[in-house]
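Below: the structure, in structure tokens.
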2 protein chains.
Amino acid sequence: MTHPLFHPDAEEISLPAVLTALGDETRLNIIAILARNGERAMTCGQFLELGSKTALSYHVAKLREAGVINVRPDGTKRLLTLRRIDLESRFPGFLDSIVTSAGTLPLPKHQEMADAAETSGETEWT
Amino acid sequence: MTHPLFHPDAEEISLPAVLTALGDETRLNIIAILARNGERAMTCGQFLELGSKTALSYHVAKLREAGVINVRPDGTKRLLTLRRIDLESRFPGFLDSIVTSAGTLPLPKHQEMADAAETSGETEWT
DNA sequence: TCAATAGTTCAAGGATCATTGAACAAAGGA
DNA sequence: TCCTTTGTTCAATGATCCTTGAACTATTGA
């Protein structure tokens, strides 16, 4: 990356921006999965069940620009982590309530896409 | 009203829908003002500082359809109330964290709101 | 009945959103 | 070096969003 990835400072994180970022099924799922994974970082590739490579890149950028997650390059991968501390200091109790409430993950989308990709032999779904 | 206003049942309120509804400055302001007004109902007209009559009608409908507020016709007015109980049962702690975090918002102008129908309690606009 | 009040509906316009495929870039391993 | 892995960027597309003004409905009070 010639340009470092933009991350808003903690005090610049805006509530409407965070709400907008989380007001999308795919992004809410990313956050819920990240939260349930504890403090461990995850890669974009671990969310491929939620959408295409391109779509995920788009959604991850949205979450990063809103200040919800941190994205750190690591080799060819990107390590994603929740900005728990920053979010808690900015909006106390908010993240916990979201993660708790998002507990029931919707059904896996893109089932037909998964089938199509499987028949074409392009994608291995773990 | 020929058609009763649609309100989703409590158990049908969706988190992404609520987040999307609140991910807009105008609507977040409406909720923050409603919350700070205690349990008292407010009319659309009391939010005119936040936008035009038409825009408010649009935003109020969004909040209602997402299950965030209840809208009850009363003469030529509409009485708006937060669906506190339903939101709390569905997403514990969420509304409180939102309202607390949205605390630093442009306060409504101190207008005489002639809520004669309401108990003339102590309205504390700090 | 007439007029004022309170809010809705409609069509329009421009802005932003989410998705896709193709092309690209960066890093690591053989 | 070549190839694979991992993810980004771009242009295009259709969908949805937010605002506006004009016209409209419904209710209330004179």
Side-chain angles (χ1 to χ4, degrees), chain A residues 1-6 16-17 19-30 41-66 69-80 106 109-114 116-117 120-126, chain B residues 1-6 16-30 41-66 69-80 111-117:
Chain A
M1 270 292 175
T2 52
H3 308 290
L5 296 170
F6 168 78
L19 291 169
T20 296
L22 297 180
D24 173 273
E25 301 262 8
T26 301
R27 295 193 291 261
L28 189 55
N29 279 325
I30 291 176
M42 298 183 71
T43 68
C44 297
Q46 293 183 267
F47 298 97
L48 276 177
E49 58 186 297
L50 300 178
S52 70
K53 199 166 61 159
T54 308
L56 282 179
S57 185
Y58 169 78
H59 288 303
V60 164
K62 286 273 181 187
L63 289 168
R64 173 176 52 78
E65 288 159 8
I69 65 176
N70 191 280
V71 182
R72 171 166 52 94
D74 178 58
T76 68
K77 306 186 179 180
R78 302 284 183 271
L79 296 184
L80 316 183
K109 303 160 48 176
H110 305 295
Q111 189 57 48
E112 61 283 356
M113 287 184 50
S120 69
E122 288 200 16
T123 307
E124 281 298 316
W125 296 87
T126 57
Chain B
M1 267 294 155
T2 53
H3 308 289
L5 296 171
F6 168 77
V18 169
L19 291 168
T20 296
L22 297 181
D24 172 273
E25 302 262 8
T26 301
R27 294 192 293 259
L28 190 55
N29 279 321
I30 291 175
M42 297 182 72
T43 68
C44 297
Q46 292 182 271
F47 299 97
L48 277 176
E49 58 190 297
L50 299 178
S52 69
K53 202 167 58 159
T54 308
L56 283 179
S57 184
Y58 170 79
H59 288 303
V60 164
K62 285 274 181 185
L63 289 168
R64 172 177 52 79
E65 287 159 8
I69 65 176
N70 190 280
V71 182
R72 172 166 51 96
D74 178 57
T76 68
K77 306 186 179 181
R78 302 283 182 272
L79 296 184
L80 316 184
Q111 58 179 358
E112 188 56 42
M113 37 188 78
D115 37 349

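Order of the sequence lines fixes the chain letters, A, B, ..., with proteins taken first and strands second; residue numbering starts at 1 for each chain. It should be emphasised that the depicted structure is a prediction, and the values quoted were computed from it without experimental measurement.
Using five terminal pairs a side, the axes of the helix from dT1(C)-dA30(D) to dA30(C)-dT1(D) at its two ends make an angle of 20°, given in steps of 10 degrees.
One atom, CG of L5(A), and another, P of dG7(D), lie 12 Å apart when rounded to the nearest Å. Look at CG on D74(A): it is 17 Å from P on dA26(C), rounded to the nearest Å. If you take CG of L48(A) and P of dT5(D), they are 13 Å apart, rounded to a whole angstrom. The nearest whole Å value for the distance from the CG atom in L19(B) to the P atom in dC17(C) is 16 Å. Between the P atom of dA15(D) and the CD atom of E25(A) lies a distance of 19 Å, rounded to the nearest Å. Atoms CG (L56(A)) and P (dC17(C)) sit 18 Å apart, rounded to a whole Å. The interatomic distance linking L28(B) (CG) with dC17(D) (C1') rounds to 17 Å, in whole Å. In this structure, F47(B) places its CZ atom 15 Å from P of dA6(C), rounding to the nearest Å.
We find the CZ-CD distance between F6(A) and E65(A) to be 7.5 Å, quoted to the nearest 0.5 Å. Taken from CD in E49(B) to CG in L56(B), the straight-line distance is 9.5 Å, to the nearest 0.5 Å.
Of the options V18(B), N70(B), I30(B), L28(B), a side chain to side chain contact (heavy atoms under 4.5 Å, CB included) to L63(B) is made by I30(B) and by none of the others.
Here the side chain of T20(A) pairs a donor or acceptor atom with the backbone of P16(A) at under 3.5 angstrom.
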> Is there a side-chain contact (heavy atoms from CB on, under 4.5 Å) between L80(A) and F47(A) once you walk through the steps?
Replying inline: CA-CA 11 Å; L80(A) 316 183; F47(A) 298 97; 3.9 Å; yes

>> Using the rule given for side-chain contact (heavy atoms from CB on, under 4.5 Å), can you reason through L79(B) versus V71(B), listing the C-alpha separation, both sets of side-chain angles and the distance that settles it, and then say yes or no?
In response: CA-CA 6 Å; L79(B) 296 184; V71(B) 182; over 6 Å; no

> Reading nucleotides 18-23 of chain D from the 5' end, what letters show protein touch, with B for base, S for backbone sugar-phosphate only, - for no heavy atom under 4.0 Å?
Replying inline: BBBBB-

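Between T76(B) and dT27(D) there is no side-chain N or O to OP1 or OP2 distance below 4.0 Å.
Under the side-chain contact (heavy atoms from CB on, under 4.5 Å) criterion, D24(A) pairs with T26(A), R27(A), H59(A), not counting sequence neighbours.
Residues A66(B) and A17(B) come closest through the heavy atom pair CB-O, 3.9 Å.
Counting heavy atoms from C-beta outward, R78(B) and V60(B) have side chains that stay 4.5 Å or more apart.
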